[in-house]
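All heavy atoms count here, side chains included; hydrogens, waters and symmetry mates do not.
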Number of protein chains: 2
Amino acid sequence: MARKAAQTTSDGVDKNKPVTSYDVAHEAGVSQSAVSRYFTPGASVSARTRAKILKAVNKLGYQPNAIARSLITRRSSLVAVVVANLSFNPEFTSVLGQALSARGLNTLLFTLDHESDADHVIDQLWQYRVAGVVAAVTLPPRHVEMLSQREIPVVFVNRVYEEVAVNSVSCDQSEGERWLVDELCAAGHCRIAIVSGPEDSPVSRQRVSSAAERMANVGVKPVEIVVADFTYQGGREAMRKLASSANRPDAIICANDMLAIGCMDEARHGFGLKVPEDISIVGFDGSAAGQWASYDLVTIRQPTNLMVDAAIDMLMARIDDPQLITEKRVFSGELVRGASARLAST
Amino acid sequence: MARKAAQTTSDGVDKNKPVTSYDVAHEAGVSQSAVSRYFTPGASVSARTRAKILKAVNKLGYQPNAIARSLITRRSSLVAVVVANLSFNPEFTSVLGQALSARGLNTLLFTLDHESDADHVIDQLWQYRVAGVVAAVTLPPRHVEMLSQREIPVVFVNRVYEEVAVNSVSCDQSEGERWLVDELCAAGHCRIAIVSGPEDSPVSRQRVSSAAERMANVGVKPVEIVVADFTYQGGREAMRKLASSANRPDAIICANDMLAIGCMDEARHGFGLKVPEDISIVGFDGSAAGQWASYDLVTIRQPTNLMVDAAIDMLMARIDDPQLITEKRVFSGELVRGASARLAST
DNA sequence: AAAAGTTTAGCATTCGAATGCAACAAATGA
DNA sequence: TCATTTGTTGCATTCGAATGCTAAACTTTT
């Protein structure tokens, strides 16, 4: 098999061996400390030395070794982003990644398929001494406990822990569901069904219970609550059950947009129903697909950008002072008055 | 502000300070080397020592420091996954992450908004001494060159470099487009338009040119080629142009599913056209949304799982032997005969 | 021009695990 | 029983950058 011969430039620099700060120091005629300080913001280096080092850096193509740096500083620039595979919101992850990158942090991505993978993830992120964690999944309290004991800042997104002191940002699910219920009722809907997400999803549980509670308060009873997973297919199946039930609902509150989309497709293509004439369907999230013309969902849009910014602000604050007191920030969603539900005209 | 008092267990172990291999060694009454070997697969450690170490590890809750390990082995278990934000295929990233994780590798995610961010990404992944790179974006040849010089294995997904020796897996775009063109022509379409993705996207360019070429071969000329970006909105705008043009096409080949979805929505909701009765629309990718009942696209499904597995296999092989000869693997797509286009019945 | 203050440079040490080497112990064979 | 092989172990060193400390080099003040 063909193997490259060791490449050596005319400078005598072996290109296959990484350039270290010593090499730069030697080239520039200064000490390794100087090179290190050159790359440390706020460290004191004279203009002369700076210039010499810069020249050497460019000549050799030096890049500091983040691994070595992390070892001595006991802190990496890695932030673990933990998301669940299913309710996995790509926009969120994407926005988050960009925001982290803009602040010089790197994204170590973990996609959890099952809750049980959490152990493994916790091990990994600890092994990499991540600077912080942004979690859009539920972690068992003992893991949260462990992270706080190890002083790894954590911010949860849309998971609020009552029992543990931990940072979180979330969208006010209860308020959003209340709005939706009120809108539906105001438009005269009285046979409202709910399509829930998986029962082990706190997000889903909270949305469903908030909606149910509001309905109780205004004196309406859900005609049915169907449990589905957070998928398109789950929505379709849920709709199938509802549409063929004796007392067909005239409105459906879905625990997220994906379910709402599934419901709409099944209602239209499976049962020939018209949305919203025959049945109103509302979602939650404000996902991109939900706003496509075919669906044009009535939904609650979560302020993704605000939430991401808030999460990162909190995270950075805690990275600077890990003992900082915890805080929970709750943002209101935004009611999107799409065309997937018959609403009272205002 | 409230600060936690330093926690100290009855064992006298300071919980706030990470446990090192020396602590474990001391606890187990062995040397640090033994502890290290315990965690090195294939290293020789006697059963007696193993047991002692295991006990100490559990007692102290030791986890090897991946940073320190990477420093000395000059290799991390991190794999950089570089994706573009726009054509960002969430399914792909998700599947890839899982597959990497299953092989003990961690995902360092980089989302590129602009090509120009590539410099920064390359710096970062080099600083972290990643074990490898999976890139679903185009990198400038000089970067590819640099990576190979530094012996960092790279696998490109759906980017084939002719000029550089580099690994890649891809879906056969030309074949797929040929199938689509043939299907459309066989069904009697003769005024076919093309909606292209951004001009700086090689994927788009290849799909468009393959389709155009096939059309030329069968003696049809595209009535129009509209350039859009790879977004829903882009698809809608493209459709707007096409629908209002003098010689309205009877079929549209879109450079990806997202564009096709946008076209369909605009055709139906903007122009009241029926798909596929009034106009046929085909896409490319086999995305989940494209298969939803509202769209039911005729498209080419890329074999994501196969491609991811192949990419990782190649990557791991090169991690084991960075000098390994490069290889390009091309998979056929799968024609999905949806309902978004009028096809010859078979 | 000397004294005091302020930068800046370099030395030496540190982070935590992996590994070549030599010493040693156990197992095997003669 | 002794020689040989095989398997374990610990010592000492290494990876590459950050930083406390001291010494030296500049500034500023008087």
Side-chain angles (χ1 to χ4, degrees), chain A residues 14 16-54 56-57 60-78 123-124 126-131 150, chain B residues 14 16-54 56-57 60-78 123-124 126-131 150:
Chain A
D14 184 344
N16 289 333
K17 181 165 48 192
V19 182
T20 72
S21 60
Y22 289 95
D23 300 333
V24 175
H26 182 255
E27 173 73 30
V30 299
S31 73
Q32 179 268 329
S33 321
V35 179
S36 169
R37 284 192 247 268
Y38 178 88
F39 284 96
T40 308
S44 104
V45 189
S46 71
R48 279 175 58 79
T49 315
R50 283 209 112 74
K52 287 194 285 185
I53 294 176
L54 177 58
V57 163
L60 303 179
Y62 170 73
Q63 292 278 128
N65 182 323
I67 305 275
R69 180 196 302 239
S70 302
L71 183 58
I72 188 71
T73 61
R74 297 149 153 285
R75 157 173 308 178
S76 71
S77 69
L78 299 174
D123 285 354
Q124 291 295 308
W126 169 241
Q127 288 185 14
Y128 272 100
R129 300 296 189 269
V130 297
R150 290 174 172 170
Chain B
D14 184 345
N16 290 332
K17 181 165 48 195
V19 182
T20 72
S21 60
Y22 289 95
D23 300 333
V24 175
H26 182 255
E27 173 73 32
V30 299
S31 73
Q32 179 268 330
S33 324
V35 178
S36 169
R37 282 192 251 267
Y38 177 87
F39 284 95
T40 308
S44 106
V45 188
S46 71
R48 279 176 54 81
T49 313
R50 284 208 115 72
K52 286 194 286 186
I53 294 176
L54 176 58
V57 163
L60 302 179
Y62 171 73
Q63 293 277 126
N65 182 324
I67 306 274
R69 176 189 305 221
S70 302
L71 182 59
I72 188 73
T73 60
R74 297 149 155 285
R75 158 174 306 180
S76 71
S77 69
L78 298 175
D123 286 355
Q124 290 295 309
W126 168 241
Q127 288 186 13
Y128 272 100
R129 301 295 189 269
V130 297
R150 290 176 171 168

Check the pair B:Val24, B:Phe39 against side chain to side chain contact (heavy atoms under 4.5 Å, CB included), reporting the backbone distance first and the verdict last. CA-CA 12 Å; B:Val24 175; B:Phe39 284 95; over 6 Å; no
Report the C-alpha separation of B:Ser46 and B:Thr49 in whole Å, then their side-chain angles, then the decisive distance to 0.1 Å, and conclude whether the side chain to side chain donor-acceptor pair (under 3.5 Å) test is met. CA-CA 5 Å; B:Ser46 71; B:Thr49 313; 2.8 Å; yes
Can you check side chain to side chain donor-acceptor pair (under 3.5 Å) on A:Tyr128 and B:Ser77, steps first, answer last? CA-CA 10 Å; A:Tyr128 272 100; B:Ser77 69; 2.7 Å; yes
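B:Ser36 comes within 4.0 angstrom of a base, heavy atoms only.
Side-chain atoms of B:Ser36 do not come within 3.5 Å of backbone N or O of B:Gln32 as any donor-acceptor pair.
Remark: A:Thr73 is not in phosphate contact with D:dA18, judged by side-chain N or O atoms under 4.0 Å from OP1 or OP2. Between C:dT14 and A:Arg74, no contact under 4.0 Å exists linking OP1 or OP2 to a side-chain N or O.
Between the C1' atom of D:dA18 and the CD1 atom of A:Ile67 lies a distance of 15 Å, rounded to the nearest Å. Note: CG (B:Leu71) to C1' (D:dA18) measures 13 Å, nearest angstrom. Atom CD of A:Gln127 and atom C1' of C:dG16 are 13 Å apart (whole Å). Taking atom CZ of A:Arg75 as the reference point, atom P of D:dA18 lies 14 Å away to the nearest angstrom. Per the geometry, CZ belonging to B:Phe39 stands 11 Å off C1' belonging to C:dA17, to the nearest Å. Between B:Tyr62 atom OH and C:dG16 atom P the separation is 10 Å, expressed in whole Å. Rounded to an integer number of Å, the gap from A:Ile53 CD1 to D:dA18 P is 12 Å. Computed from coordinates, the A:Arg69 CZ to C:dG16 P distance equals 18 Å when rounded to whole Å.
Considering only heavy atoms from C-beta on, B:Gln127 stays 4.5 Å or farther from A:Asn65 through its side chain. Between A:Pro18 and B:Arg129 there is a side-chain heavy-atom pair separated by less than 4.5 Å. Here the side chains of A:Leu54 and A:Tyr38 are in contact, with some heavy-atom distance below 4.5 Å.
Of the candidates D:dC15, D:dT19, C:dC15, C:dC15 carries the atom nearest the A:Ile72 side chain, counting heavy atoms from C-beta on. The side chain of A:Ala68 approaches D:dA17 more closely than any other nucleotide in the set C:dA17, D:dT19, D:dA17. Out of D:dG16, C:dC15, C:dA17, the shortest distance to the side chain of A:Thr20 is found at D:dG16.
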Summarise how protein sits on nucleotides 8-13 of chain D as a single string, 5' to 3': B when a protein heavy atom is under 4.0 Å from the base, S for sugar-phosphate-only contact, - for no contact. BBBBB-
